[in-house]
Amino acid sequence: MNINATIIGQMIAFAFFVWFTMKFVWPPFIGAINERQRKIEEGLNAAEKAKADLASAESQVQEEFASAKAQAASIIERANKTANQMIEDAKVTARLESERIIGAAQQTVDQQIAQSREQLRSQVATLAVLGAEKILEEKVDEQKHASMLAQLATKL
């Protein structure tokens, strides 16, 4: 056997094998590799997009939380202001009511004092007339003495 012919045959067989592999075997492998690479890139892109969406959602949640917190603080502040206003209104109303009650009580006391004085004057007049009758042992003119006692009471 001739070594040169063997080498040439092997070269032709190798060339045919390379051509056959490149024509029929290699394209499916390259397609599968490219498909796998495309899926990996899509997965990485989706992961990056999901990561960006997550960051966006977290920032939106933080904004909503801050907004809700501010709104709650505003509501609490308004409630406190309303409560303080109600307390002040109640104090004013109570003060006015107490002044009214005190005024009414003062009027009642003044009326009772005036009535008591008047009763006391009439009793003193009656006692004075009775005392004068006893002293004089005769009936004293009540109208005359009443007018004198009225003048005396006005002086007192």
Side-chain angles (χ1 to χ4, degrees), residues 1-130 146-147 149-156:
M1 237 204 192
N2 191 354
I3 197 141
N4 286 335
T6 305
I7 289 178
I8 291 175
Q10 283 180 354
M11 284 176 42
I12 291 173
F14 185 73
F16 176 74
F17 177 71
V18 169
W19 173 79
F20 180 79
T21 302
M22 288 182 74
K23 182 78 171 166
F24 296 106
V25 176
W26 194 257
F29 281 131
I30 294 297
I33 288 173
N34 286 339
E35 180 67 24
R36 178 75 176 150
Q37 190 175 19
R38 185 184 60 77
K39 284 183 180 180
I40 289 172
E41 284 179 12
E42 285 176 359
L44 289 174
N45 288 339
E48 287 295 321
K49 184 178 181 221
K51 190 176 181 182
D53 289 346
L54 178 64
S56 172
E58 284 179 353
S59 68
Q60 187 176 5
V61 165
Q62 290 297 329
E63 289 174 4
E64 289 293 325
F65 183 70
S67 173
K69 197 172 187 179
Q71 190 176 14
S74 172
I75 290 170
I76 289 171
E77 184 179 340
R78 281 190 308 216
N80 286 335
K81 284 182 181 178
T82 303
N84 289 337
Q85 184 63 37
M86 290 173 72
I87 290 170
E88 289 300 318
D89 290 346
K91 284 181 182 178
V92 167
T93 304
R95 194 174 311 120
L96 291 174
E97 183 67 18
S98 69
E99 289 173 0
R100 186 189 64 77
I101 290 171
I102 289 171
Q106 186 65 37
Q107 285 179 347
T108 304
V109 167
D110 289 343
Q111 286 175 354
Q112 287 178 354
I113 288 173
Q115 286 176 355
S116 295
R117 281 185 183 165
E118 201 54 44
Q119 286 176 354
L120 187 61
R121 281 184 190 147
S122 69
Q123 287 176 359
V124 166
T126 305
L127 286 175
V129 168
L130 287 176
S147 67
L149 289 176
Q151 288 175 359
L152 180 64
T154 56
K155 288 181 182 179
L156 294 176

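Since this is a predicted model, take the numbers as computed values, not measurements. Positions are given from 1, in the same order as the sequence printed here.
Val92 has its side chain within reach of Arg95: a pair of non-hydrogen atoms, C-beta onward, lies under 4.5 Å apart.
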Q: Take Arg38 and Glu35 through the test salt bridge (Lys or Arg N to Asp or Glu O under 4.0 Å) and record every step on the way to the result.
A: CA-CA 5 Å; Arg38 185 184 60 77; Glu35 180 67 24; 2.2 Å; yes

Q.
Applying salt bridge (Lys or Arg N to Asp or Glu O under 4.0 Å) to Arg100 and Glu97, what does each step give before you reach the verdict?
A. CA-CA 5 Å; Arg100 186 189 64 77; Glu97 183 67 18; 2.4 Å; yes

Q. Gln106 and Asp110: side chain to side chain donor-acceptor pair (under 3.5 Å), yes or no, with the steps?
A. CA-CA 6 Å; Gln106 186 65 37; Asp110 289 343; 3.2 Å; yes

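Side-chain N or O atoms of Ser67 include none that pairs as donor or acceptor with a backbone N or O of Glu63 at under 3.5 Å. Between the side chain of Ser116 and the backbone N or O of Gln112 there is at least one donor-acceptor pair closer than 3.5 Å. With hydrogens and angles ignored, the 3.5 Å screen pairs no side-chain donor or acceptor of Ser74 with any backbone N or O of Ala70.
Atom CD of Gln85 and atom CZ of Arg78 lie 15.5 Å apart (nearest 0.5 Å). Here the CG-CZ distance, from Asn34 to Phe29, works out to 13.5 Å after rounding to the nearest 0.5 Å. To the nearest 0.5 angstrom, Met11 atom CE is 10.5 Å from Asn4 atom CG.
For Glu99, there are no side-chain hydrogen bond (donor to acceptor under 3.5 Å, both in side chains) partners two or more places apart in sequence or in a different chain. In terms of the side-chain hydrogen bond (donor to acceptor under 3.5 Å, both in side chains) criterion, Gln119 has no residue partners (sequence neighbours excluded).
With a 6.0 Å radius and a threshold of 12 heavy atoms from other residues, nucleotides or ligands, Arg36 has its CZ atom at or below the threshold.
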